[in-house]
Amino acid sequence: MKSKQKKIRLAVSGLLLAAVVGTGIYAYRLDQSSQAQMEKMAQIPDETEEKTENVSTSRAEADMPEETESQPAPTAEPVPETTPVPETEETVTAAETPLEFSESSVLVYPMEGTTGEILIPFNMENTVYFPTLDVYKCSPAMVMAAETGTPVMAAAASQVLLVENNEETGLTVTMDMGNGYQAVYGQLAEVTVEPGQRVEASAVIGTVGSPTKYYVDEGSNLYFAMTKDGDPIDPSLYLPPAAE
């Protein structure tokens, strides 16, 4: 009888022990499960936040306008055509005005402030005396007395053809006056014009320089000549009466 009771006690004790162990294991697993659930719950806000950011980004992209490539490029406004201004006498420059010297034209006296003494006159029919050379010969130009430095002016509207140093006439300017007429200015210094340049009548083209060895006895002077189609003509025929 006692032996049977002892076995019953042992069996009950074993059951109680198993129940305690089972309860402990269940509590442990329940605790682990609760911690895992809590960690999972802690991650939910991050995922929600990421989803919210993704949704916001998607909405922002949806609101953005299409790329500029799909938009038509702005077209430049047409530039209005400029109506050409009709040319008048006022708009024509001196360089475009034709040179119109003729037989009836009158020259401007070629030296500023003086008419000058005629030292050697033009004469292609009879010989005249050249003091420095001490000879009589034809003269294709007028040689007019003038002080060194006297301004020399264009006798008519002209275009410069040539600026050169000539042994007889020194620094010399040849100018075209139009219609085959040319003027030659010699014994110059400080020439202010160049070939191709257009000047109006009375424009200063240089100054009187020192005479060359061919005109030493005559003294400082302006050598002034004219030609028509290459032939010498008398400049005095085209100068104002006071210059004769």
Side-chain angles (χ1 to χ4, degrees), residues 85 87-122 139-212 214-215 218-244:
V85 179
E87 191 175 75
T88 64
E89 292 184 1
E90 294 181 355
T91 60
V92 176
T93 63
E96 297 170 339
T97 305
L99 299 171
E100 295 290 352
F101 196 85
S102 67
E103 188 175 356
S104 61
S105 298
V106 178
L107 296 172
V108 173
Y109 199 76
M111 284 189 294
E112 188 177 89
T114 179
T115 56
E117 177 189 356
I118 305 300
L119 301 174
I120 301 175
F122 171 90
S139 173
M142 297 172 60
V143 177
M144 298 176 283
E147 295 183 4
T148 302
T150 300
V152 176
M153 304 184 301
S158 312
Q159 182 172 20
V160 180
L161 296 176
L162 187 65
V163 179
E164 63 176 342
N165 271 301
N166 182 282
E167 183 180 7
E168 181 180 352
T169 59
L171 185 56
T172 303
V173 175
T174 302
M175 305 185 76
D176 176 28
M177 297 185 292
N179 296 324
Y181 288 89
Q182 293 184 4
V184 180
Y185 308 79
Q187 308 280 8
L188 301 181
E190 301 179 5
V191 169
T192 58
V193 293
E194 57 186 16
Q197 183 176 345
R198 287 283 298 269
V199 296
E200 294 299 320
S202 300
V204 175
I205 63 173
T207 60
V208 174
S210 300
T212 65
Y214 293 87
Y215 296 92
E218 287 84 344
S220 58
N221 64 85
L222 173 66
Y223 177 96
F224 183 56
M226 285 182 64
T227 62
K228 172 67 167 75
D229 297 328
D231 297 323
I233 57 176
D234 188 355
S236 66
L237 300 176
Y238 299 89
L239 289 170
E244 294 181 355

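Only heavy atoms go into these numbers, but all of them, side chains included; no hydrogens, no water, no symmetry mates.
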Under the side chain to side chain contact (heavy atoms under 4.5 Å, CB included) rule, what do T212 and E167 come out as? Steps first, then yes or no, please.
-> CA-CA 7 Å; T212 65; E167 183 180 7; over 6 Å; no

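Between L99 and R198 there is a side-chain heavy-atom pair separated by less than 4.5 Å. Looking at S105 and M177, their side chains never come closer than 4.5 Å, going by heavy atoms from C-beta outward. Within the 4.5 Å cutoff, side-chain heavy atoms of V173 are placed close to those of V191. With contacts defined as side-chain heavy-atom distances shorter than 4.5 Å, the pair V204/V152 does not qualify. M175 has its side chain out of reach of L161: every pair of non-hydrogen atoms, C-beta onward, lies at least 4.5 Å apart. Residues S236 and F122 form no side-chain contact, since every pair of their non-hydrogen atoms from C-beta on lies 4.5 Å or further apart. Here the side chains of M142 and L239 are in contact, with some heavy-atom distance below 4.5 Å. When side chains are defined from C-beta on, I233 counts as touching Y238, because their heavy atoms get closer than 4.5 Å.
The closest donor-acceptor contact from the side chain of T207 to the backbone of T150 lies at 3.5 Å or more, if one exists at all. The backbone N or O of P121 lies less than 3.5 Å from a partner atom in the side chain of S139, making a donor-acceptor pair. A donor-acceptor contact shorter than 3.5 Å links the side chain of T172 to the backbone of G170. Within the 3.5 Å criterion, the main-chain N or O of G196 finds a donor-acceptor partner in the side chain of Q159.
Contact detail for G209 and S220: the closest heavy-atom pair is O-CB, 4.0 Å. Taking all atoms of both residues into account, the shortest heavy-atom contact from L119 to E218 is CD1-O, 3.4 Å. A156 and L107 make their closest contact through CB-CD2, 4.2 Å (heavy atoms, listed as atom of the first residue, atom of the second, distance). Residues S202 and V108 come closest through the heavy atom pair OG-CG1, 3.4 Å.
Rounded to the nearest 0.5 angstrom, E164 CD and L171 CG are separated by 9.0 Å. For the atom pair CG of L162 and CD of Q182, the computed distance is 9.5 Å after rounding to the nearest 0.5 Å. Distance check, rounded to the nearest 0.5 Å: CG of N221 to OG1 of T169 gives 10.0 Å. The CD atom of Q197 lies 11.0 Å from the OG atom of S158; values are rounded to the nearest 0.5 Å.
Applying side-chain contact (heavy atoms from CB on, under 4.5 Å) to V208 and the options Q187, E147, M111 leaves one that passes, M111.
For residues 151-201, the ring pair (Phe, Tyr, Trp, His ring centres under 6.0 Å) pairs, not counting sequence neighbours, are F101-Y181, Y185-F224.
Residues meeting the salt bridge (charged side-chain N to carboxylate O under 4.0 Å, His left out) test with E194, sequence neighbours left out: none.
A donor atom on one side chain and an acceptor atom on the other are not found under 3.5 Å apart for E168 and Y223.
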